[in-house]
*Asks:* 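Before we start, here is the structure in question, set down as structure tokens.
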Amino acid sequence: MDSKIYSISAREILDSRGNPTIETTVMLTSGYRGTASVPSGASVGKYEAVELRDKDENRYNGMGVLAAVANVNAVIAPKLVGSDALDQKKADKIMIALDGTANKSKLGANSIVSVSLAVAAAAASHTKLPLYRYLNGLAGEAALTKIERIPTPLFNIINGGKHGAGNLNFQEFMVIPASNKRFSEALRIGVELYHHLKQILSYRNAIHSVGDEGGFAPNLFTNLEALELLMEAVKATKYHFGTDVFFGMDIAASQFKTPGGYRIKDKPQLLSGRQFIDYLKELNSKYRLLLLEDPLEEDDWVGWATLTREVGKEILVVGDDLLVTNRERLMRAIAEKACNAILLKPNQIGSLTEFLDVVALARKNDIKCVVSHRSGETNDTFIADLAVAVAAEYVKFGAPARGERVAKYNRLLQIEKELSAQ
Ligand code: PGA
Ligand code: ZN
């Protein structure tokens, strides 16, 4: 059997914020290989699987990942060498058992997920299938639908919160092309809006820089003003708001919630959960939001259920920090009707098998799927193939700028071309 794993080797590389991360290569007896690297979040959910960092202040300000690299090379590799790369479930099961913790804190979710994805990439090369086809086969019931279309992109073109050097509370202000557009057309819409927005911000002297995800990070008076600027950008193009393009926001509410309530630039007083929901609804009545991610903090299950009951028919209420790509948390959200969409990030849960399991559960319960990058990324494009493979409705890969974001969009362009040639 030449699809056996012959070797596994990890090394320390850098991510888009200049922080160390892991890159792992899996080589098979057949000579085929696969490589995967791991992204990293800045607004990390409280319930995510644990990313192992060295915490050695003398190296990379404590951000090194040498221990995680050693866990791959010295702990995981000896146990996986010789097993079949085509048996993804078994490989992941071995690693999960080896770690033995609920949140992968022993070996590190960064170690495990790098191997998990590299095993799949190597198996795909071995079978000579494009990665998205191989992953679609693995996904089984998760991919309920055939691969037919490229997911609709969510372009985060204004970066606030922990991702922006500016002063906005909300983390992401997104433009979303209509789902009936071809991906290449949607991408063009995103790019044209991005460039128009830049002109508008320069004219107002508001541009500060671009943020971690490639969107602009302006200084503005309110969060509402960011939506006003998006609207100005739409009006400067030939596209129509409400038919060609829509807006969405990742509020990332846990990042600025204080024990006393939500403090935002738009209001002088602290807002209770109820008042904050009402403010989001006010924004929705002005801007017909298509999507609201993490509108409330990650432990406020009652608030989430209230919001979803009140606006869930018209807005995608997306759980990121709420769900952290975790099966148990998604089950609770389904039972409590806390949201109607899920953000999916492989490194939040730490293995491909568990990721696909969560997608399957979401699909069965009519929860819409958004496959997402992290704010700290590498040029790895695995998640582009993964999103197509599970027929996600949306992808969230940042602004159409910065190499690590554009790499994923360019990969989707390539896949679109391949699919249309068939
Ligand atoms: P993160 O943010 O990668 O910094 O966690 C992304 C998001 O909140 O969607
Ligand atoms: Zn988020």
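The figures that follow rest on heavy atoms only: side chains count, while hydrogens, waters and symmetry mates do not. Computed from a predicted structure; not experimentally measured.
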*Asks:* Walk me through it: do Tyr47 and Asp299 pass the test side chain to side chain contact (heavy atoms under 4.5 Å, CB included)?
*Replies:* CA-CA 10 Å; Tyr47 302 99; Asp299 288 313; 2.6 Å; yes
*Asks:* So which atom in Leu356 and which in Leu386 form the shortest heavy-atom distance, rounded to 0.1 Å?
*Replies:*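 Of all heavy-atom pairs spanning Leu356 and Leu386, the closest is CD2-CD1, 4.3 Å.
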*Asks:* How long is the gap from CD on Glu48 to CG on Asn347, to the nearest 0.5 Å?
*Replies:*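 The CG atom of Asn347 is 6.5 Å from CD of Glu48, to the nearest 0.5 Å.
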*Asks:* Report the C-alpha separation of Lys417 and Ser184 in whole Å, then their side-chain angles, then the decisive distance to 0.1 Å, and conclude whether the side chain to side chain contact (heavy atoms under 4.5 Å, CB included) test is met.
*Replies:* CA-CA 9 Å; Lys417 192 108 202 257; Ser184 41; over 6 Å; no
*Asks:* So, Arg133 and Glu418, do they make that salt bridge, N to O below 4.0 Å?
*Replies:* no
*Asks:* Would you find a donor on one side and an acceptor on the other, under 3.5 Å apart, between the side chain of Arg405 and the backbone of Pro400?
*Replies:* no
*Asks:* How close do Trp304 and Gly319 get, heavy atom to heavy atom, and via which atoms?
*Replies:* CH2-CA, 3.8 Å
*Asks:* What's the separation between atom CG in Asp99 and atom CG in Asn71, rounded to the nearest 0.5 Å?
*Replies:* 9.0 Å
*Asks:* Would you check if the side chain of Ser114 reaches a backbone N or O of Ile22 as a donor-acceptor pair within less than 3.5 Å?
*Replies:*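 The answer is no, because no donor-acceptor pair under 3.5 Å joins these two groups.
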*Asks:* Parallel, tilted or perpendicular: which one describes the rings of Tyr262 and Phe276, with boundaries at 30° and 60°?
*Replies:*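 Tyr262 vs Phe276 ring planes: parallel.
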*Asks:* Shortest non-hydrogen contact from Glu377 to Ile383?
*Replies:*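 Closest approach of Glu377 to Ile383, heavy atoms only: OE2-CD1, 4.2 Å.
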*Asks:* So that I know where these two stand, are Phe241 and Tyr287 an aromatic pair - ring centroids less than 6.0 Å apart?
*Replies:*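 Ring centroids of Phe241 and Tyr287 are no less than 6.0 Å from each other.
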*Asks:* Report the residue from Ile189, Leu193, Ile158, Leu154 that forms a side-chain contact (heavy atoms from CB on, under 4.5 Å) with Val175.
*Replies:* Leu193
*Asks:* Would you say Asn110's side chain and Leu52's backbone share a donor-acceptor pair under 3.5 angstrom?
*Replies:* yes
*Asks:* Any chance you could measure Glu23, atom CD, to Thr35, atom OG1, to the nearest 0.5 Å?
*Replies:*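 Going from the CD atom of Glu23 to the OG1 atom of Thr35 covers 5.5 Å.
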*Asks:* Do side-chain atoms of Thr381 reach the backbone of Ala407 as a donor and acceptor pair under 3.5 angstrom?
*Replies:* no
*Asks:* Let me see the working for Glu393 and Arg363 under salt bridge (Lys or Arg N to Asp or Glu O under 4.0 Å), right down to the final yes or no.
*Replies:* CA-CA 11 Å; Glu393 281 83 4; Arg363 286 257 171 266; 3.4 Å; yes
*Asks:* For Leu322 and Cys339, which heavy atoms make the closest approach, and how far apart are they?
*Replies:* CD2-SG, 4.4 Å
*Asks:* Given Ser16, which of Arg402, His373, Glu213, Arg374 fulfils the side-chain contact (heavy atoms from CB on, under 4.5 Å) condition?
*Replies:* Arg402
*Asks:* When you measure from the side chain of Lys257 to the backbone N and O of Arg263, does any donor-acceptor pair fall under 3.5 Å?
*Replies:*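 Answer holds: no.
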*Asks:* Check this for me, if you would: do Arg17 and Asp212 make a salt bridge, where the nitrogen-to-carboxylate-oxygen distance has to be below 4.0 angstrom?
*Replies:*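 Salt bridge: yes.
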*Asks:* With Glu192 as reference, evaluate His195, His196, Arg188 under the side-chain hydrogen bond (donor to acceptor under 3.5 Å, both in side chains) test and give the passing residue.
*Replies:*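 The option that passes is Arg188.
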*Asks:* Would Arg11 and Thr25 satisfy side-chain hydrogen bond (donor to acceptor under 3.5 Å, both in side chains), going step by step from the backbone distance to the final call?
*Replies:* CA-CA 9 Å; Arg11 67 206 74 86; Thr25 298; 3.0 Å; yes
*Asks:* Counting only heavy atoms not in Tyr6 (residues, nucleotides, ligands), do more than 12 fall under 6.0 Å from its OH?
*Replies:*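 Open: at most 12 neighbouring heavy atoms sit under 6.0 Å from OH of Tyr6.
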*Asks:* For side chain to side chain contact (heavy atoms under 4.5 Å, CB included), just list the numbers for Ile8 and Thr24, CA-CA rounded to whole Å, side-chain angles, deciding distance to a tenth of an Å, and then say yes or no.
*Replies:* CA-CA 7 Å; Ile8 300 178; Thr24 293; 3.8 Å; yes
*Asks:* Go through the steps to decide whether Arg411 and Asp385 satisfy the test salt bridge (Lys or Arg N to Asp or Glu O under 4.0 Å), and finish with yes or no.
*Replies:* CA-CA 8 Å; Arg411 174 63 185 148; Asp385 285 69; 2.7 Å; yes
*Asks:* Stepwise, does the salt bridge (Lys or Arg N to Asp or Glu O under 4.0 Å) test hold for Arg332 with Glu328?
*Replies:* CA-CA 6 Å; Arg332 177 163 181 191; Glu328 276 69 46; over 6 Å; no
*Asks:* Do you know which of Leu135, Val119, Val113 makes side-chain contact (heavy atoms from CB on, under 4.5 Å) with Leu352?
*Replies:*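 Output: one option passes, namely Leu135.
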*Asks:* Any chance you could lay out the salt bridge (Lys or Arg N to Asp or Glu O under 4.0 Å) test for Lys396 and Glu293, step after step, and finish with the verdict?
*Replies:* CA-CA 11 Å; Lys396 194 177 88 160; Glu293 181 179 328; 3.0 Å; yes
*Asks:* Return the minimal non-hydrogen interatomic distance between Asn167 and Lys265, and the atom names on each side.
*Replies:* O-CD, 3.0 Å
*Asks:* With rounding to the nearest 0.5 Å, note down the distance linking CG in Asn159 to CZ in Phe173.
*Replies:* 10.0 Å
*Asks:* Do Lys345 and Asp320 sit within salt-bridge range, that is, some charged N less than 4.0 Å from a carboxylate O?
*Replies:* yes
*Asks:* Is Leu66 close to Tyr60 at the side-chain level, that is, under 4.5 Å between some pair of heavy atoms?
*Replies:*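 No, too far: nothing below the 4.5 Å cut-off.
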*Asks:* Restricting to non-hydrogen atoms, name the atom on Thr325 and the atom on Leu343 that form the minimum distance, rounded to 0.1 Å.
*Replies:* OG1-O, 3.6 Å
*Asks:* Under a 3.5 Å distance rule, please check whether Asp266 uses its side chain to pair with a backbone N or O of Thr222 as donor and acceptor.
*Replies:* no
*Asks:* I'd like to know whether Ser40 forms a side chain to side chain contact (heavy atoms under 4.5 Å, CB included) with Arg53, so could you lay out the CA-CA distance, the side-chain angles of the two residues, the decisive distance to 0.1 Å, and finally the verdict.
*Replies:* CA-CA 11 Å; Ser40 177; Arg53 295 272 175 199; 3.2 Å; yes
*Asks:* Are the side chain of Ser111 and the backbone of Ala68 linked by a donor-acceptor contact shorter than 3.5 Å?
*Replies:* yes
*Asks:* Between the side chain of Asp321 and the main-chain N/O of Glu298, is any donor-acceptor distance below 3.5 Å?
*Replies:* no
*Asks:* For Ala178, does its backbone N or O pair with a side-chain atom of Asp244 as donor and acceptor, under 3.5 Å?
*Replies:*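 Between the backbone of Ala178 and the side chain of Asp244 there is no qualifying donor-acceptor contact (under 3.5 Å).
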*Asks:* Checking Thr29 side chain against Lys4 main chain: does a donor-acceptor pair fall under 3.5 Å?
*Replies:*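 Such a contact is found between Thr29 side chain and Lys4 backbone.
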*Asks:* Relative to the ring of Tyr32, is the ring of His126 parallel (under 30°), tilted (30 to 60°) or perpendicular (over 60°)?
*Replies:* perpendicular
*Asks:* How many angstroms lie between atom OG of Ser116 and atom CE of Met95, to the nearest 0.5 angstrom?
*Replies:* 4.5 Å
